[in-house]
Amino acid sequence: MSFFDFLMCAPCRRRKGYSVAVDAGNVGISDNPGTTSDVLSARFYLRGSDKYSLKENMLRIGCRPNKSHLLIVHGSDSSELLLQTVPASALVSAAEREAFQDMLDSLRHPFVLPTLDVDFLDEKSVALVVRRFNGKGSLRDFIYKTNPRQSYHNKYTVVGVPLEILDIQRFGKQILEGLLYLRKRGFPYFHLHTANVILENKVCRLTDYENALLELPPLLHGFMIPGRSGRREAQGVTDPDVLCFGYVLFEMAAGFEADSAITPDTIPANVAPAIADVLRLIFAPDRRDVRIEDVLQHPFFERVDPYPRGAAAPDGVTEFTGTAGELCKRIGSKMRGVYAVDCTYARTRRAKSKNDKKGRSKAARRSRRGEVELSSGRAKKGAAGSSPQRSRGSRRSSEHVSREASPKAKDSTPSSSNVPQMRPGEDEKVAVSSSASEDSDRDLF
């Protein structure tokens with residue numbers, strides 16, 4: 001894809017067969033994610049570590065400009081791991097950072113990608129998160145059949161392939177079970193999309209769940225704003241994780257991302273009726289209280305066994321308590337309100353600026369069009385009743401033609417035979433028409 005293709009709007013990219021790699025103006029994407037200082041600090045951290053060593057820079061596989069990715073190797077077994085640098089300025093105290101580490105270490109579920117290590121660069125307010133690296137990539141890589149090691153800008157410019165119904169049932173049930181587990185622990189997520197679902201041997205595992213605790217804006221936050229989701233009350237009432245799951249389900253069934261808010265009328269015709277029924281359950285305007293349990297009880301998912309052989313749902317799942325529980329509640333409630341307000345404000349400013357420019361340009365065009373119509377109206381009014389209806393310019397052109405037609409003329413004065421013969425009284429009317437034309441010319445300029 002060329003640079004100019006990248007600058008195209010979502011509908012134009014869709015017509016050319018490209019995928020909308022990012023949801024309709026939601027999170028800014030940079031071709032140089034991660035600041036240089038963060039990357040250098042992470043490399044310095046790896047030099048002093050006796051467990052990890054740097055193997056490859058993978059700075060551009062993600063979409064966030066403030067996150068960097070480094071492929072590292074564990075010293076004992078030479079397994080490939082993925083190191084992420086994430087801004088951690090939201091964790092203001094040492095107790096919160098310790099609770100953050102404990103929570104990520106304790107999240108264990110078959111459909112949640114485990115966190116292997118968490119550390120902090122105190123001088124940079126940056127968190128270092130280490131997880132397994134999956135060479136097959138994410139669910140989005142599976143849909144678009146791309147290499148996960150490529151740049152985010154390049155690997156999703158191909159046309160995606162809709163998944164089989166059985167795969168959609170299994171993957172959807174696994175994602176819902178992972179969301180339900182996080183909900184039971186009281187852990188806020190908000191960041192579900194197909195790129196945050198790692199696919200390992202036909203098993204979906206949620207990842208990047210630390211983003212909410214670090215107060216990063218969700219990738220789909222533009223669709224969580226009231227009035228932009230196709231729902232009457234938008235996501236003030238609807239569960240944001242259920243809304244995000246709806247967009248994931250749409251992408252699996254359609255083979256491409258939704259570049260605008262999904263409504264029952266915008267569901268593609270090639271989507272299976274059973275899947276379309278689940279989408280209508282989530283996005284119908286009169287259904288504003290859909291929960292994760294309601295989607296799990298839908299007939300499309302109810303009888304599906306999502307767990308692989310030898311795996312089962314954990315027993316005795318309880319919410320986090322103490323500092324961890326307070327951190328989840330504080331940041332969860334803050335995320336439900338702050339990011340929507342900020343994005344609404346930013347979108348309102350952009351829309352107002354764009355509308356102001358359009359209004360000014362339309363007013364200018366109307367003004368110019370009004371002046372032209374006014375001047376032409378004056379000219380028609382002044383020339384009303386004139387039989388020849390010729391202005392001074394038209395008479396000059398006729399005189400010039402008459403002079404060219406009579407090459408024997410020796411002076412510049414046209415002969416009387418070439419001048420149009422007028423009846424008595426018509427010379428005053430032509431004079432009036434000429435004066436009106438002069439007035440209209442002055443009005444135009």
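Side-chain contact between D208 and V129 is absent, with no heavy-atom pair separated by less than 4.5 Å. Using a 4.5 Å heavy-atom threshold, the side chains of P188 and Y209 count as separate. With contacts defined as side-chain heavy-atom distances shorter than 4.5 Å, the pair R140/E251 qualifies. Considering only heavy atoms from C-beta on, Q101 comes within 4.5 Å of F120 through its side chain.
With salt bridges taken as basic N to acidic carboxylate O contacts below 4.0 Å, none links D305 and R170. By the 4.0 Å N-to-carboxylate-O rule, R149 lies close enough to E80 to be salt-bridged with it. With salt bridges taken as basic N to acidic carboxylate O contacts below 4.0 Å, none links K173 and E302.
Using a 30° and 60° split on the angle between ring planes, Y247 and F283 fall in the perpendicular class, above 60°. By the 30° and 60° cut-offs, the orientation of the rings of Y189 relative to H191 is tilted.
Under a cutoff of 6.0 Å and an axis angle of 45°, K145 and F142 form a cation-pi pair.
Not counting sequence neighbours, H193 has no partner by the ring-ring contact (aromatic ring centres under 6.0 Å, His included) test.
Each of F171, F111, Y307 was checked for a side-chain contact (heavy atoms from CB on, under 4.5 Å) with V203, and the lone residue meeting it is F111.
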**Report entry** Test log, rule salt bridge (Lys or Arg N to Asp or Glu O under 4.0 Å), inputs D141 and K136
**Finding:** CA-CA 8 Å; D141 295 323; K136 298 296 182 63; over 6 Å; no

